[in-house]
Structure formats: structure tokens, C-alpha cells
Amino acid sequence: MDQHALWQIVLAKIEPTLSRPSFLTWFHDTGIAHVEDGVATVSVPNGFMREWLQNKYHKAILHALREANSDIKDVSYVIGQTETASLGSALKDRIARRKRALAPSLGEDMSIRELSVNPETSLNPRYTFSNFVVGSFNELANAAAQSVVKNPGTTYNPLFIYGGVGLGKTHLIQAIGNELIARSPNVKVRYAPSEKYMGEILDALRNQSMNALKEKYRSVDLLIMDDIQFIARTEKMQEEFFHTFNALYERNKQIIISSDRPPQAIATLEARLRSRFEGGMIADVGLPDFETRLTILKAKAETKEIVMGDDVLKYVAENIKNNIRELEGALNQLVMASKLSSAPITVDTAKKVIATYAAAPKKFLSPKKIIRAVSEFYDITEKELMHQSRKKDVVHPRQIAMYLMREHLKNSYPSIGEKFGGRDHTTVIHSCEKVGQDLLTNPELVEELKAIRERIFLN
Ligand code: ADP
Ligand code: MG
């Protein structure tokens with residue numbers, strides 16, 4: 001039996017024993033690197049996942065492997081060495097199918113978004129100008145983007161795009177990368193969310209591979225750094241980015257940056273970086289008006305080859321105002337509903353489907369979402385997370401949950417303590433500081449938080 005088939009069997013055995021989020025989190029991009037002398041070497045994407053699989057799933061993996069192939073006596077883990085590329089993609093297919101089956105509301109786009117990223121550039125081919133709707137809310141940003149496509153590295157350098165969550169920043173800046181490559185295939189592009197970049201810096205510091213990392217980021221024609229606001233949290237990261245920025249800038253290489261707010265509003269951003277950013281083009285993305293929201297919905301409905309009454313689309317556009325990702329999410333749910341029923345979708349159905357969004361347009365992020373994501377991620381119950389359990393396993397998740405509430409919701413320390421079974425605010429302060437400190441030295445924790453945040457924002 002080949003390794004690919006072997007791993008598929010193992011996954012098929014493990015999958016039903018885990019919650020869906022855990023399975024997706026811990027087994028995506030895994031494979032078997034090789035089997036030798038009775039030892040199967042499992043390939044994983046990063047050190048954090050290696051540790052986790054070793055500590056938590058080793059027994060299950062070994063057991064499943066042995067059942068499938070009795071010659072196997074042990075398992076070892078290695079980072080990023082899957083022999084055949086198809087291994088990863090086979091699992092991706094499985095996961096995509098599984099996601100569709102289990103979570104219809106995610107719709108198809110979600111799996112594509114997560115799963116077909118180009119490993120060279122980290123660009124997602126789904127983000128193009130051809131499916132990017134322009135309206136007055138993003139006109140300036142789009143014009144600046146077009147001008148960068150025409151004259152990269154010259155007119156608008158750096159290009160700094162800012163705006164709220166789910167308004168198309170990532171889409172737009174990746175579209176620039178995809179378009180440049182479409183025009184000249186030899187152009188070297190690298191896209192990185194700043195948190196990933198920071199994780200790589202920490203890894204490189206630890207493994208003394210800083211030069212390779214510098215090379216990776218300084219040898220490109222276009223660097224796209226998404227959500228730069230996270231970098232501003234630490235001096236070390238800003239320092240490193242500053243040098244990379246300069247190295248590119250001096251050679252007229254294009255730099256594109258996005259943020260949730262303008263440079264002057266990023267409190268801890270170093271003056272020298274801020275002045276670099278302000279030396280280029282700064283463009284905001286605002287909120288789409290009703291007409292634009294409707295256009296976006298119509299465009300998306302069309303690509304899904306679904307016929308939906310104008311009244312239905314109008315109802316959705318009227319009720320979801322602040323976030324294009326939610327607009328898309330609602331549409332996906334309607335598409336699912338229409339596939340499941342033979343009758344056409346009515347406004348009444350739309351009302352039900354989007355009640356969740358419409359009822360809480362501002363509550364896109366809530367303590368509840370954070371708590372759910374954290375407990376799912378660590379495979380513990382919400383109750384264990386919130387209450388007085390002193391089980392060692394829950395201390396860390398709880399600190400993370402507190403940290404995220406502070407970070408994302410700006411909740412006060414006492415109110416966070418309150419939520420966690422009436423803990424004292426000093427405990428909360430200690431937890432938040434600890435996580436903050438650990439993040440500076442522990443790349444695995446950076447990965448961990450990134451995975452949790454993804455879950456918070458995607459669900
Ligand atoms: P941000 O980075 O600002 O949080 P994203 O770029 O991730 O937002 O956009 C959220 C979702 O909305 C994505 O699926 C994206 O494709 C879609 N989207 C955003 N803006 C537009 C637009 N102008 N036209 C079409 N789709 C859009
Ligand atoms: Mg984004």
C-alpha cells in the first residue's frame with residue numbers, strides 16, 4: 001500500500017473520533033513523509049502542530065497506523081516533508097468535502113479560500129480584480145491599486161490600505177499580486193499576514209536561520225504585508241520589518257501594507273515606520289452603500305449560478321451593512337437553503353437565515369465567540385473553561401481566552417474576571433501579561449493564537 005493510501009486510512013479512522021474543528025486544525029496539511037524500519041514519519045506543517053500531535057494524538061495515530069499496516073511499530077514527526085504534493089491536496093479535498101457536508105453554511109467559497117493558496121507566493125488565486133466590486137466606498141483604494149499594477153515600485157510606494165473587518169482589504173491587496181503575476185509571470189510576489197511573518201521571525205531567531213528569512217522577504221518584487229497593526233506590538237518585529245522595508249524600497253520594489261486603521265492611529269507604531277508609510281499612498285476602505293451591497297450580492301449569486309429574486313437580495317443587502325464577509329456568508333446560507341429545497345427562496349426564508357447576522361450587526365465579535373473558539377480549539381467544554389476547574393489543562397486556555405477578550409473586545413479586567421466565574425481582576429491582569437510576554441519568545445504560541453483567531457473570525 002502506498003503512503004498516501006495509508007495516511008488516508010489513518011485519517012478516516014481518526015476523523016470520527018474528534019470534533020470537526022479539532023480534526024481540521026490538527027490534521028490539515030499532514031501526510032506521511034516515509035516509512036522505514038517500521039517507523040512511520042508523519043509530516044506536519046509546523047513545530048506547534050508537531051508538538052500537539054505528539055502529545056495529544058500520538059496514541060491514536062500509532063494505533064490507526066498499526067491497524068492498517070502491522071509492520072509499523074512506531075511513529076515519528078517531522079516538519080514539512082511530505083514526499084508527494086498530492087498527499088496534502090488529497091486531504092484538502094477530503095476536508096473540503098467534509099466541510100461542505102458538515103457545515104453547509106460555510107458554503108463553497110470558504111473551502112476554496114482556505115485551501116488553494118499558492119505555496120510560492122502565499123496568494124489565494126480567488127482574490128482577483130475581476131470579482132472585486134468597486135463602489136464609492138473603495139474607489140480610492142481600488143484606483144491606487146490599479147495604479148500600482150501599472151507602475152509597480154514607482155508611483156505609490158508603499159501603498160497603505162486601511163479599513164474595518166471584512167471590507168475587502170485582503171481581497172484587494174492580493175488581487176494586485178495576482179494581477180501582476182498574470183501580466184508578468186516572472187514577477188516575484190510574497191504575501192504575508194503580519195502575524196505569520198512574526199512567527200517566521202521567531203522561528204528564524206530560534207533556528208539561527210535569519211539570513212534565509214531575510215532573503216525570502218527581500219528578494220521579491222512585491223511584498224504584501226497584511227494587517228500590519230499586529231507588528232506594532234513589539235519593537236523587535238518593527239525593527240526587522242523596517243530593515244526589510246528599506247531594503248526593498250531602496251531597490252524600487254513595491255510594498256503594500258494593510259491595517260485596520262491609519263498609521264497615525266496605530267499607537268505603538270514607531271515614528272520611523274510611520275513616516276515611511278506616510279511617504280507613500282494611504283487609502284481607506286469605507287462601508288459600501290446599499291446599491292453597492294446589492295451589486296456585490298448579485299455578482300456573487302451569479303457566480304454560484306443561482307437564481308434568487310431581487311426582493312430576497314435586497315432584503316439581505318438592507319440588513320447586512322457593515323461587513324462584506326457577512327454579506328457573503330448570508331448569501332452562502334441562502335444558496336445552501338435553495339439547493340436543499342425545490343421551492344424558490346422567499347424573503348421569509350431570507351429573514352430566518354440572516355436573523356443571526358441582522359440581529360447582531362455590531363456584535364460580529366463577542367465574548368461568546370471567543371469562548372467558543374477557545375474551548376473548541378483546546379477540546380475542552382465551555383464550562384471547564386469558564387468555571388473554577390483547576391485542572392492543569394484548562395489554565396492555559398483560560399489565559400488565552402482572557403487575553404483575547406482584552407485584545408479584541410477591550411473588555412475591562414474586572415469584567416473579564418466576572419465572566420470567568422468571578423475571578424479577581426489581578427488574576428486577569430496576570431494572565432494577559434503572561435500571554436503577552438510568552439508571545440514574544442514562543443513562536444508556537446504565535447501559531448496557536450493565529451489558529452484561534454482564524455476560528456473566531458471565520459465562524
Ligand atoms: P478584510 O481583509 O478587509 O477583512 P476581506 O478581503 O477578507 O476583508 O473580504 C471579506 C470577504 O468579502 C472576502 O470573501 C472578499 O472576497 C469579499 N469582498 C470584500 N470586498 C469585496 C468587493 N469589493 N467585491 C467583492 N467581494 C468582496
Ligand atoms: Mg484581511
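Both ligands and their constituent atoms are indexed starting at 1 by order of listing.
A cation-pi arrangement is absent between Arg398 and Phe420 under the rule of less than 6.0 angstrom and at most 45 degrees off the ring axis. The side-chain tip of Arg272 does not point at the ring of Phe277 from less than 6.0 angstrom away and within 45° of straight on. Under a cutoff of 6.0 Å and an axis angle of 45°, Arg406 and Tyr413 form a cation-pi pair.
Residue-to-ligand polar distances place Leu167 within reach of ligand 1: an N/O pair is separated by less than 3.5 Å. Where the criterion is an N or O separation shorter than 3.5 Å, residue side chain and backbone included, Val133 meets it with respect to ligand 1. Annotation: Val165 places no N or O atom under 3.5 Å from an N or O atom of ligand 1; distance criterion only.
Shown in contact with Arg126 at under 4.0 Å from a heavy atom are these atoms of ligand 1, numbered in order with element: 13 (C), 14 (O), 16 (O). Residue-ligand proximity, Ile324 to ligand 1, at heavy-atom distances under 4.0 Å covers atoms 12 (O), 17 (C), 18 (N), 19 (C), 20 (N), 21 (C), 27 (C). Close approach to Asn138 involves these atoms of ligand 1, each under 4.0 Å from a residue heavy atom: 23 (N). Below 4.0 Å from some heavy atom of Tyr127 lie the following atoms of ligand 1, by number and element: 16 (O).
Taking the six-membered ring where the residue is Trp, Tyr197 and Phe241 present perpendicular rings, their angle passing 60° and hence far from 30°. Using cut-offs of 30° and 60° for the angle between ring planes, the Phe160 and Tyr162 rings count as tilted.
Not close to ligand 1: Gln174, with no non-hydrogen atom less than 4.0 angstrom away. Using a 4.0 Å cutoff on heavy atoms, Gly166 counts as a contact of ligand 1. Under a 4.0 angstrom heavy-atom cut-off, Gly164 registers as being in contact with ligand 1.
Between the side chains of Glu448 and Tyr378, at least one donor N or O sits under 3.5 Å from an acceptor N or O.
How far CG of Asn178 is from CZ of Arg126: 11.5 Å, rounded to the nearest 0.5 Å.
The distance from the Mg ion (ligand 2) to the nearest N/O/S atom of Thr170 is under 2.8 Å.
A salt bridge is absent between Glu447 and Lys196: the closest approach of a Lys/Arg side-chain nitrogen to an acidic carboxylate oxygen does not fall below 4.0 angstrom.
Nearest to atom 7 (O) of ligand 1 by heavy atom, out of Arg325, Glu326, Glu328, is Arg325.
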